[in-house]
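See below for the structure under consideration.
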Amino acid sequence: MISGLFVGIAFGVLLQRTQFCFNSGFQNIFLQKNFHFLAALLIAVSIQAVGFFVLAHFGLIRIPDHKVPILATLIGGFLLGLGMVICGYCASESWVRTGEGGVAPLLVLLAFSITMACGYSGPLRRPLGALSEQTLQASSVQDLLKISPWALVAVLILITGVTVKISLSQKQPGSAPAHRLRGAAYLLFEKKFHLFFGAVLIGFLGVLAWYLSAQTGRQFGFSVAVPSANVMEYLVTGQDGYLNWGSLFAVGILAGSFVSALLSGGLELKSLPANEYPKRVFGGFLMGIGAVLTGGCTVANCLVSVAYFSIQGWLATFMILLGCAVATKFCKPSSCQA
């Protein structure tokens, strides 16, 4: 179980060093027609897809097989995308930025985690659960189409290659930010990784995460939503059942980003104007509702579930993008750096 903590630390470091952020990455698609993050996401997803199905072939992991709650997924995905833009953070980024000393992401994280806990074991469980009654029998695209998952992997890799090519042809934003460290210290602790290089590392770490998680009986890879709820429930109840691989993974993200920020000299308390509080909390609340309905946040849906071609993961990802597009058009986005 302790492996969850170490995988989380590595994931937190990677997110902090690469700026692998769903909020800004998705917004850039609509604001700047920039596909750099989308290409990086597809790289990580493609590596995981190959790894997951290889591990499943040898019986080392089990691919989830469950009914898809259609209405809950559609509504939840949209709310996730909407809330992410309003509050300025995705769930994983709120853990990372909290580790760097941000007040805004801490507010988002608390609102998100409390809402998740209420949705899974509190007063929101029954009303939100009612939306999950309408389900689709097929759980994956390969089951629906009656084809081999390897055919879908091949298509995914092709799409990834085309997207990477388009991204490389686009001009990437601005010059590198000023750095605090010099020489070897800068290269080791502060220099940001290229997003594509970070995506490759995240992809391989995702495969390792699922394998290690499966050793404890948890059949899934990266996930932030349910683990965030588990952390909150453990702090409130003290029940050992909530202290598991996933909750240790979430805490590890916080620890990894903290250590990375500390070594790079980027650890500082970032205050927040009082008039920003309601927006951050409301956005975190919407993300929490959305994550309960879709069964996970952007990490679980857009990074992991799509890699094994879960219908719920792909539907949720589409609706997250739609919610993000609507919020980007009609709301003033909150920066994930604030």
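Proximity of K192 to T18: side-chain heavy atoms (C-beta onward) are nowhere separated by under 4.5 Å. The shortest distance between side-chain heavy atoms of W210 and Y308 falls below 4.5 Å. You'll find the side chain of M232 reaches within 4.5 Å of the side chain of L110, heavy atoms only. When side chains are defined from C-beta on, V231 does not count as touching Y242, because their heavy atoms never get closer than 4.5 Å. Residues T135 and V68 are not in side-chain contact: their nearest non-hydrogen atoms beyond the backbone lie 4.5 Å or more apart. V207 has its side chain out of reach of V54: every pair of non-hydrogen atoms, C-beta onward, lies at least 4.5 Å apart. Residues L195 and Q19 fail the side-chain proximity criterion, which asks for heavy atoms closer than 4.5 Å. At least one side-chain heavy atom of M84 sits under 4.5 Å from a side-chain heavy atom of T298.
Rounding to the nearest 0.5 Å places CD1 of I47 at 10.0 Å from CD1 of I202. Between the CG atom in L168 and the CZ atom in F35 there is a gap of 13.5 Å [rounded to 0.5 Å]. Rounding to the nearest 0.5 Å gives a distance of 5.0 Å between CG of L243 and OH of Y234. A distance of 10.5 Å separates CZ of F112 from CD1 of I289, quoted to the nearest 0.5 Å. Separation of atoms CG (L106) and CZ (R97) is listed at 14.5 Å; rounding is to 0.5 Å. With values rounded to the nearest 0.5 angstrom, F22 atom CZ is found 5.0 Å from L41 atom CG.
Of the possible polar contacts, none joining the R218 side chain to the S213 backbone as a donor-acceptor pair under 3.5 Å is found. Side-chain atoms of Q27 never come within 3.5 Å of backbone atoms of A325 as a donor-acceptor pair (strictly under, hydrogens ignored). Proximity of a side-chain donor or acceptor of S167 to a complementary backbone N or O of T163 within less than 3.5 Å is not detected. In this structure, S260 contributes its side chain and G256 its backbone to no donor-acceptor pair below 3.5 Å. When atom types are taken as modelled, the side chain of S247 and the backbone of N244 share a donor-acceptor pair closer than 3.5 angstrom. Using modelled atom types, one side-chain atom of S257 and one backbone atom of V96 make a donor-acceptor pair closer than 3.5 Å. Using a distance-only test at 3.5 Å, with no hydrogens or angles considered, no donor-acceptor pair links the side chain of D143 to the main chain of A138. A donor-acceptor pair under 3.5 Å is formed between the side chain of R17 and the backbone N or O of K191. Using a distance-only test at 3.5 Å, with no hydrogens or angles considered, a donor-acceptor pair links the side chain of Q48 to the main chain of L303. A side-chain donor-acceptor contact under 3.5 Å links S228 to the backbone of V224.
Nearest heavy atoms, L156 versus A49: CD2-CB, 3.9 Å. Shortest non-hydrogen contact noted between M116 and V292 is SD-CG2, 3.7 Å. Pairing each heavy atom of L248 with each of M1, the nearest pair is CD1-O, 3.5 Å. Nearest approach of I63 to A56, heavy atoms of both residues: CG1-CB, 3.9 Å. Contact record, V85 with C324: CG2-SG, 3.6 Å, taken as the closest heavy-atom pair. Shown here for P105 and S94, the closest heavy-atom pair between the two residues is CB-O, 3.6 Å.
Tested against F52, the residues L60, V153, V304 include a single side-chain contact (heavy atoms from CB on, under 4.5 Å) partner, V304.
With a 6.0 Å radius and a threshold of 12 heavy atoms from other residues, nucleotides or ligands, F318 has its CZ atom at or below the threshold. Counting non-hydrogen atoms of other residues, nucleotides and ligands closer than 6.0 Å to CZ of F30 gives a total above 12. More than 12 heavy atoms of other shown residues, nucleotides or ligands fall within 6.0 angstrom of atom NE2 in H194. Within 6.0 Å of the CD atom in Q134, the count of heavy atoms belonging to other residues, nucleotides or ligands does not exceed 12. Within 6.0 Å of the CZ atom in F204, the count of heavy atoms belonging to other residues, nucleotides or ligands does not exceed 12.
Side-chain contact, S139 with H66: no donor N or O sits under 3.5 Å from an acceptor N or O. Checking S46 against T160 by side-chain atom types alone, a donor-acceptor pair falls below 3.5 Å. For the residue pair E100/Q16, the side-chain donor-acceptor check at 3.5 Å is satisfied. Residues W314 and S305 bring no donor and acceptor atom of their side chains to less than 3.5 Å of each other. Of the N and O atoms on the side chains of E233 and S121, at least one donor lies less than 3.5 Å from an acceptor on the other residue. There is a side-chain donor-acceptor pair under 3.5 Å between S3 and W245. Side-chain contact of N301 with T317: a donor-acceptor pair under 3.5 Å is absent, judged by distance alone.
Under a hydrophobic clustering in which Ile, Leu, Val, Met, Phe, Trp and Tyr are joined whenever their side-chain heavy atoms come within less than 4.5 Å, directly or via other members, Y211 and V50 fall into the same cluster. Hydrophobic clustering places V251 together with F220 (ILVMFWY residues linked when any side-chain heavy atoms are closer than 4.5 Å, directly or through intermediates). No chain of hydrophobic side-chain contacts below 4.5 Å, direct or via other Ile, Leu, Val, Met, Phe, Trp or Tyr residues, connects L158 to L42. Linking Ile, Leu, Val, Met, Phe, Trp and Tyr whenever their side-chain heavy atoms come within less than 4.5 Å puts M319 and L315 in one cluster. Side-chain heavy atoms closer than 4.5 Å link hydrophobic residues (I, L, V, M, F, W, Y) into clusters, and following such links, possibly through other members, connects F26 to I166.
Taking the six-membered ring for Trp and the full ring otherwise, the centers of F222 and F249 sit less than 6.0 Å from each other. Taking the ring centroids of F20 and F37, they lie under the 6.0 Å cut-off.
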What's the verdict on side-chain contact (heavy atoms from CB on, under 4.5 Å) for V141 and I147, showing C-alpha distance, side-chain angles and the deciding distance?
CA-CA 8 Å; V141 178; I147 61 175; 5.7 Å; no

Begin with the C-alpha distance, continue with both residues' side-chain angles, and end with the deciding distance and a verdict on side-chain contact (heavy atoms from CB on, under 4.5 Å) for Q219 and I61.
CA-CA 7 Å; Q219 291 292 344; I61 68 170; 3.8 Å; yes

Evaluate V103 against K270 for side-chain contact (heavy atoms from CB on, under 4.5 Å), listing each step before the verdict.
CA-CA 6 Å; V103 172; K270 303 177 183 71; 5.9 Å; no

Under the side-chain contact (heavy atoms from CB on, under 4.5 Å) criterion, do W95 and F11 qualify, and how do the steps go?
CA-CA 11 Å; W95 281 99; F11 192 54; over 6 Å; no

